[in-house]
Amino acid sequence: MSVYSRYYQIVRRVPRGRVVTYGQVAYEAGLPGRARQVGYAMAACPEDEDIPWHRVINARGEISKRGSPGSFERIQRALLEAEGVVFDERGRVDLDRFGWTP
DNA sequence: CTAGTGACTGTTT
DNA sequence: AAAACAGCCACTA
C-alpha cells in the first residue's frame, strides 16, 4: 500500500464540476505539506483506474504545467469545461466557487 | 544505502 | 501582479 493510493482515493471523492488543489488532497489524506508528492503521484496516475486526475489543479487555480508536451493541459481544461467548470480569460478557475470542501 | 527527480506551496523580492 | 527562493519527501535506479 503506497502513499499514492491514499491520494488517489481522495481524488476519487471529488464530485463532478468541482476541483481541488494539490495541497488540499495532501491535507485530506492526512499528510499536510506534501503537495509536491501529490503532483508526483498524479504524474504516475494509472490510466486503467477511473481517477478524475483532471480535477486536481494548483493553488492559484491554474492547470499545472508539465515540462514538455503541453497538450495535456488543453485536454484537462476541456474535460473540466465539459463538467461545467468555468475558466476566466487568463485560464484560471475561481476556487471559491468550484473548490471542493468535504 | 546515496543521489537525482519532480502535475507544488507559501513567503519574499 | 509576476518571478525567484527555499522547504517539502516518495519513488526509482
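The figures that follow rest on heavy atoms only: side chains count, while hydrogens, waters and symmetry mates do not. The sequence lines fix the lettering, A, B, ..., with proteins before strands; numbering per chain opens at 1.
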Whole-Å distance between [N] [atom2] and [X] [atom1]?
X       : N      : atom1 : atom2 : answer
A:Ile57 : B:dT9  : CD1   : C1'   : 14 Å
A:Tyr22 : C:dC8  : OH    : P     : 21 Å
A:Leu95 : B:dG10 : CG    : C1'   : 15 Å
A:Leu31 : C:dG7  : CG    : P     : 21 Å
A:Asn58 : B:dG10 : CG    : P     : 10 Å
A:Arg6  : C:dC11 : CZ    : C1'   : 17 Å
A:Tyr27 : B:dC8  : OH    : P     : 22 Å
A:Arg60 : B:dA7  : CZ    : P     : 15 Å

I want to check something: taking the side chain as every heavy atom from C-beta on, are A:Tyr22 and A:Ser64 in contact at a cut-off of under 4.5 Å?
yes

Roughly how far apart are A:Tyr8 OH and A:Trp53 CH2, rounded to 0.5 Å?
12.5 Å

Just by modelled atom types, is the A:Val20 backbone N or O under 3.5 Å from a matching donor or acceptor in the A:Arg55 side chain?
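No: the side chain of A:Arg55 does not pair with the backbone of A:Val20.
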
A:Arg34 side chain to A:Pro32 backbone, donor-acceptor under 3.5 Å:
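It does hold such a pair.
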
Flag if over 12 foreign heavy atoms under 6.0 Å of CZ, A:Arg60
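No, because the 6.0 Å sphere around CZ of A:Arg60 holds 12 heavy atoms or fewer from other groups.
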
Is A:Glu81 atom CD crowded by more than 12 heavy atoms from other residues, nucleotides or ligands, each under 6.0 Å away?
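Buried by this count: over 12 neighbours within 6.0 Å.
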
Does A:Arg77 qualify as a cation-pi partner of A:Phe87, given the criterion of NZ or CZ under 6.0 Å from the six-membered ring centre and within 45 degrees of its axis?
yes

In whole Å, what separates the C1' atom of B:dA7 from that of C:dA13?
22 Å

Phosphate OP1/OP2 of C:dC11: any A:Ser2 side-chain N/O under 4.0 Å
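So the side chain of A:Ser2 is within the cut-off, an N or O lying under 4.0 Å from OP1 or OP2 of C:dC11.
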
Closest to side chain of A:Tyr4, choosing from B:dA7, C:dC11, C:dA3
C:dC11

Candidates B:dT9, B:dA7, C:dA1 - which lies nearest the side chain of A:Arg90
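Of the candidates, C:dA1 comes closest.
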
Report which part of the nucleic acid A:Arg77 touches: base, sugar-phosphate, or nothing (heavy-atom distance under 4.0 Å, all strands).
nothing

Contact residues, residues 32-43 of chain A to DNA chain B [heavy atom, < 4.0 Å]:
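Residues of residues 32-43 of chain A under 4.0 Å from DNA chain B: A:Ala35, A:Arg36, A:Gly39, A:Met42.
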
